[in-house]
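Sequence lines set the chain letters: A, B, ... in the order given, protein chains first and strands last, and positions in each chain run from 1. Given the structure is predicted, the values throughout are model-derived calculations rather than measurements.
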2 protein chains.
Amino acid sequence: MINKNSPVPIYHQLEEYIKHQIENGALVEESVIPSEREYAEMFQISRMTVRQAINNLVSEGYLKRHKGRGTFVTKKKVEQELQGMTSFTEDMLSRGMNPSSILLSFQITIADKKTALALRIKEEDSVYIIKRIRLADGAPMALETAYIPVKIVPGLTEENSNLSLYQYIEENLALSISEATQEIEASTADHLDAETLEINIGDPILLIERISYLQEGIPFELVKSTFRADRYRFIHTMKR
Amino acid sequence: MINKNSPVPIYHQLEEYIKHQIENGALVEESVIPSEREYAEMFQISRMTVRQAINNLVSEGYLKRHKGRGTFVTKKKVEQELQGMTSFTEDMLSRGMNPSSILLSFQITIADKKTALALRIKEEDSVYIIKRIRLADGAPMALETAYIPVKIVPGLTEENSNLSLYQYIEENLALSISEATQEIEASTADHLDAETLEINIGDPILLIERISYLQEGIPFELVKSTFRADRYRFIHTMKR
DNA sequence: TTCTACAACTGGTATAGACAACTATTCCAC
DNA sequence: GTGGAATAGTTGTCTATACCAGTTGTAGAA
């Protein structure tokens, strides 16, 4: 399980090992994991190295320490779902609704000035522009336009664009998403909004503009959405 | 500077010491701090202990490590302002606007069913109900109604309610605020909204409902706000 | 039977030292 | 000048050890 000659640090190998154990169910939620001294003995490594691995998992929220009692597997990942709520699909699922979407257009074009600025790319760089109607339980919920730099997410096609972009990025490109900013404003429906969302002109709508960033602070997606105000309210928790 | 006989752990003393150095300007933004070995020598402590202090400061965002180069002071603390953005005053200040408010009414009444539920109090418990017009640079920005349980924040009067409620709670009651949830939706102005916000009936407005919680998870404030959509957009950052 | 003291566990703090990996600079050979 | 090696500095990883401080179960005393 642990390879001391690997260039991958031992503490990191142990982190992955424990994570897998949690995901496999070998380590059960809310229950104690082996003590630091046991891990040290088990893999013939120093206790301090074990502590380094466990420290990282604690700060990632997988484990929780209790002096004198032991280290325990954290119970829920509800928090992490909140973070994942940046995607329409996950948002709807967490509300108990069934999400789907209709692809309106998929194109690759040169970024306009404003988009280039938001995505921190050059104006001559190309971007995917993906337009969709987002449905919840079969009823139109939002009109969405996504702008993604081709340079950062190559190989996106009309087919795979329908899957989870976030999953694609994390699994296929080995990048990970760290942060997103959102700007939310109210407006009223124009002719196009009214038609696609099946509401009347002048009805209230919620405009949400989201920019998502990779761990290095690089923007990889700009999404502009128009939500039906009668069906959608934005919910949000702030900590600290 | 470091007291080895103190019950306070050395690494924590060092953390505080370095934090103060940063706040005092003794350690300048973007520049290197003394190396781990220098700190160890300086205070006659082990390098691992220094590393523990620095690790904590790194994860708190004060410092940033660079292998082979040194450890550097992080440049901005803009993030921390985001957390304080739960109050209208701080929100406006952070946007570079000058906030003020007009008190419309201040009363103490029995909570209605819905409010009692949100604040997790009994229906017969009394609450302050404070209505205000919120102005930015002298122009109406929002209509706000706050509901606060008397039991939790006793001694609130028409006079001191105009000061920062958050500051009052943290300083006078020695409680601290840990979390807030917000629900945001779009609507259109009715007669009352139009009059107080100086807009037309049917104009888009942003409805924000916020519940703030103390560290123990006890709700202490419910605020319902109606914002002019032409002047206000809600901005928000999600991490991880 | 009930209580107390202790023993045996847990994680928390701290030390001293070793070597690896990375960065910047200096100096030398070409 | 350019390229490369040597060097000295940095953080990163890892070990082995020690003692402190909470928690829990239990053996023994009352």
Those residues of residues 4-18 of chain B lying under 4.0 Å from DNA chain C by at least one heavy atom:
K4(B), P9(B), I10(B), Y11(B)

Could you state the CD-C1' distance from E36(B) to dT23(C), rounded to the nearest angstrom?
15 Å

Measure from the side-chain heavy atoms of R47(B) and tell me the nearest of dG12(C), dA18(C), dA14(C).
dA18(C)

Between R210(B) and E221(B) (salt bridge meaning N to carboxylate O under 4.0 Å), is one present in this structure?
yes

Closest-nucleotide mapping onto DNA chain D: is H66(A) or G70(B) further toward the 5' terminus? I mean the 5' end.
G70(B)

Could you please name the option among dG11(C), dT13(D), dA24(C) that lies closest to any side-chain atom of R51(A)?
dG11(C)

Which of these nucleotides, dT15(C), dT24(D), dG12(D), is closest to any side-chain atom of I45(B)?
dT15(C)

With the side chain defined as heavy atoms from C-beta on, T49(A) is closest, among dG12(D), dC14(D), dT15(C), to dC14(D)

Testing dG12(C), dG12(D), dT15(D) for proximity to the side chain of K67(A), the answer is dG12(C)

What integer distance in Å separates Q52(B):CD from dA16(C):P?
15 Å

The nucleotide from dT10(D), dG12(D), dT15(C) with an atom nearest the side chain of M48(A) is dT15(C)

Strictly below 4.0 Å: does S46(A) bring a side-chain N or O up to OP1 or OP2 of dC14(D)?
no

Side-chain donor/acceptor of R65(A) to base of dG12(C), under 3.5 Å
no

Is there a donor in the side chain of D91(B) and an acceptor in the side chain of Y232(B), or the other way round, less than 3.5 Å apart?
yes

